[in-house]
2 protein chains.
Amino acid sequence: MSRWEPNARERLSEAALELYAERGFEQTTVAEIAGRAGLTERTFFRHFGDKREVLFGGAEKLLDLLAETVAAAPAGAAPIEAVAAALAAAGRLIRDPVHSRRRQAVIDANAELRERELIKLASWAVTLTAALRDRGAPEGVAHLAAETGVAVFKVAFGRWLAEHGEADMPALVRDCFAELKGVTAGL
Amino acid sequence: MSRWEPNARERLSEAALELYAERGFEQTTVAEIAGRAGLTERTFFRHFGDKREVLFGGAEKLLDLLAETVAAAPAGAAPIEAVAAALAAAGRLIRDPVHSRRRQAVIDANAELRERELIKLASWAVTLTAALRDRGAPEGVAHLAAETGVAVFKVAFGRWLAEHGEADMPALVRDCFAELKGVTAGL
DNA sequence: CCGTCGATGTCAGTGACTGACATCAATCGA
DNA sequence: TCGATTGATGTCAGTCACTGACATCGACGG
């Protein structure tokens, strides 16, 4: 018999999402989250760096997936192709429209959380850029392809949410990349 | 004779940039900034919403410039062309490499400030999207062109800083857009 | 000369986050 | 088997960002 209930981290995450959804991010104190999870404020901060972090767990695995997918693209594939493949793969992880919408509603309702979301996407771009460089893409091209790709993903995710998650994320990502080609044809 | 020294806001901005550069953002308290400016902490928070905001003044003028430049683009111009023109115009405001590098060094050294920077760029994308929609661009195209354009600008600004601000920002922005065409040709 | 307005100061909070130290079940090594 | 160690948690005191309420007092219009 353990001294404490297991899965403290998950209990904190669930409690936080519930409270943020119920009464808003700012109106929720960390002490309340910890209380609902049967823990103390101090323990919350041992599991999460700050009050927002509790909504953004598991980022490393995703970064690894992006890097691996870029690395695994055929040697002949253009950088933007490799990025498209990686982001389509990332899209495959997005499957639960109910949870995604709930979480996104909380994030959209608060500026601090939107910032955190942007940081997350920026870290994707950094990872993609590095992975492209490792394949031999020139620095400039890598950077541009990565940033552009993340921009495309943002648009695709917005559409997926707008249509209640009925469409297939990887397919939507692909569609948006195809559209990008049309858009840049105007240059 | 006024009761207080004039330009409180500017004095606060200068004091903040100095202190952030000297000892870092986190190691500087708002009370210290206010003290150096001959004011109190409470007054600081009357001029700036938070401790970071002091580095990001004058954002509205820039948003107006972006919107106006998009609106002023020739009727026949493609959305991405209008975005390129707007961002080149924005680049024209970036002229002082010494100040820019000093400020950017402070921002790059701190995660909270980097977040704030990303929010700023995201607001550019929102403004550009709206301006494109007003010109009759379809929602999807507007969104994609705006996000992509901002991604290109990020790359251009990074290069401008990397080469010590010797190049002309508008020209660099143009170059990066041209490169984007090549990058998306790989799709 | 008076009233009000606007920029600032003062003060007392709340709440996020941190460091130092205590607790005690589980586990490991002798 | 038992004592030492470890690791997750609790407790407590403190710092600092940020806010609301109210006071101050020169400037300025009437």
Side-chain angles (χ1 to χ4, degrees), chain A residues 1-57 106-107 109-117 119, chain B residues 1-57 59 106-107 109-117 119-120:
Chain A
M1 190 62 171
S2 176
R3 190 170 166 202
W4 294 280
E5 293 297 310
N7 305 324
R9 189 183 172 94
E10 284 154 40
R11 269 152 50 216
L12 286 167
S13 281
E14 283 168 29
L17 181 56
E18 286 170 16
L19 286 166
Y20 292 169
E22 279 172 22
R23 63 179 84 156
F25 176 77
E26 292 189 358
Q27 283 63 50
T28 303
T29 70
V30 172
E32 287 166 348
I33 298 168
R36 181 172 294 205
L39 296 163
T40 64
E41 192 181 354
R42 191 68 183 87
T43 297
F44 178 97
F45 285 111
R46 287 207 181 87
H47 285 277
F48 303 100
D50 66 41
K51 197 184 162 187
R52 302 171 302 168
E53 197 63 25
V54 68
L55 291 180
F56 295 88
V106 167
I107 292 171
N110 182 269
E112 285 180 65
L113 291 172
R114 285 198 302 272
E115 286 188 22
R116 187 60 186 66
E117 174 98 330
I119 283 282
Chain B
M1 195 56 176
S2 175
R3 191 171 165 201
W4 293 279
E5 294 297 311
N7 305 323
R9 190 182 171 95
E10 285 154 41
R11 269 153 48 216
L12 286 167
S13 282
E14 282 168 30
L17 182 56
E18 287 170 15
L19 286 166
Y20 292 171
E22 281 172 22
R23 63 179 84 158
F25 176 77
E26 292 188 358
Q27 283 64 49
T28 303
T29 70
V30 173
E32 287 166 347
I33 298 169
R36 180 172 295 206
L39 296 163
T40 64
E41 192 180 354
R42 191 67 184 87
T43 298
F44 177 96
F45 285 111
R46 286 207 181 87
H47 285 278
F48 303 100
D50 65 42
K51 197 184 163 187
R52 301 171 302 167
E53 196 63 24
V54 70
L55 290 182
F56 294 88
V106 167
I107 292 171
N110 181 269
E112 283 180 66
L113 292 172
R114 286 198 300 271
E115 286 188 21
R116 186 61 185 67
E117 174 100 327
I119 282 281
K120 182 188 75 180

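Note on naming: letters A, B, ... go to the chains in the order of the sequence lines (proteins, then strands), and numbering restarts at 1 for each one. As the structure is a prediction and not an experimental result, all values here were calculated from the model.
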Qualifying side-chain hydrogen bond (donor to acceptor under 3.5 Å, both in side chains) pairs, either residue in residues 28-39 of chain A, two or more places apart: A:E18-A:R36, A:E22-A:R36, A:R23-A:E32

Filter on ring-ring contact (aromatic ring centres under 6.0 Å, His included), then keep only pairs touching residues 30-55 of chain B, sequence neighbours left out; what's left? B:F44-B:F48

Between protein and nucleic acid, restricted to nucleotides 2-5 of chain D and to nitrogen or oxygen atoms under 3.5 Å apart, what atom pairs and distances do you find?
none

With a 4.0 Å heavy-atom cut-off, tell me which residues in residues 24-39 of chain A come close to DNA chain D, sorted by residue number. A:G38, A:L39

Who passes salt bridge (Lys or Arg N to Asp or Glu O under 4.0 Å) against [X], sequence neighbours left out?
| X | answer |
| --- | --- |
| A:E14 | none |
| B:R114 | none |
| A:E26 | none |
| B:E10 | none |

Round to a whole Å and report the spacing from [atom1] of [X] to [atom2] of [N].
| X | N | atom1 | atom2 | result |
| --- | --- | --- | --- | --- |
| A:R42 | C:dC17 | CZ | P | 12 Å |
| A:H47 | D:dG10 | NE2 | P | 9 Å |
| A:E41 | C:dC17 | CD | C1' | 8 Å |
| A:E112 | C:dC17 | CD | P | 8 Å |
| A:N7 | D:dA8 | CG | P | 13 Å |
| A:N110 | C:dA16 | CG | P | 12 Å |

Report the residues that fulfil ring-ring contact (aromatic ring centres under 6.0 Å, His included) with A:F56, sequence neighbours left out, ordered by chain and then residue number. none

So the salt bridge (Lys or Arg N to Asp or Glu O under 4.0 Å) pairs with at least one residue in residues 42-51 of chain B (sequence neighbours excluded) are B:D50-B:R52

B:E41: side chain to side chain donor-acceptor pair (under 3.5 Å) partners, not counting sequence neighbours: none

In sequence, state the C-alpha distance, the side-chain angles, and the governing distance for B:L55 and B:F25, and then conclude on side chain to side chain contact (heavy atoms under 4.5 Å, CB included). CA-CA 11 Å; B:L55 290 182; B:F25 176 77; 5.6 Å; no

Can you tabulate the close N/O pairs, meaning under 3.5 Å, that link protein atoms to atoms of nucleotides 22-25 of chain D?
unit_1	atom_1	unit_2	atom_2	d
D:dT24	O2	B:R3	NH1	3.2
D:dT24	O2	B:R3	NH2	3.3
D:dC25	O4'	B:R3	NE	3.3
D:dC25	O4'	B:R3	NH1	2.8
D:dC25	O4'	B:R3	NH2	2.7
D:dC25	O2	B:R3	NH1	2.5

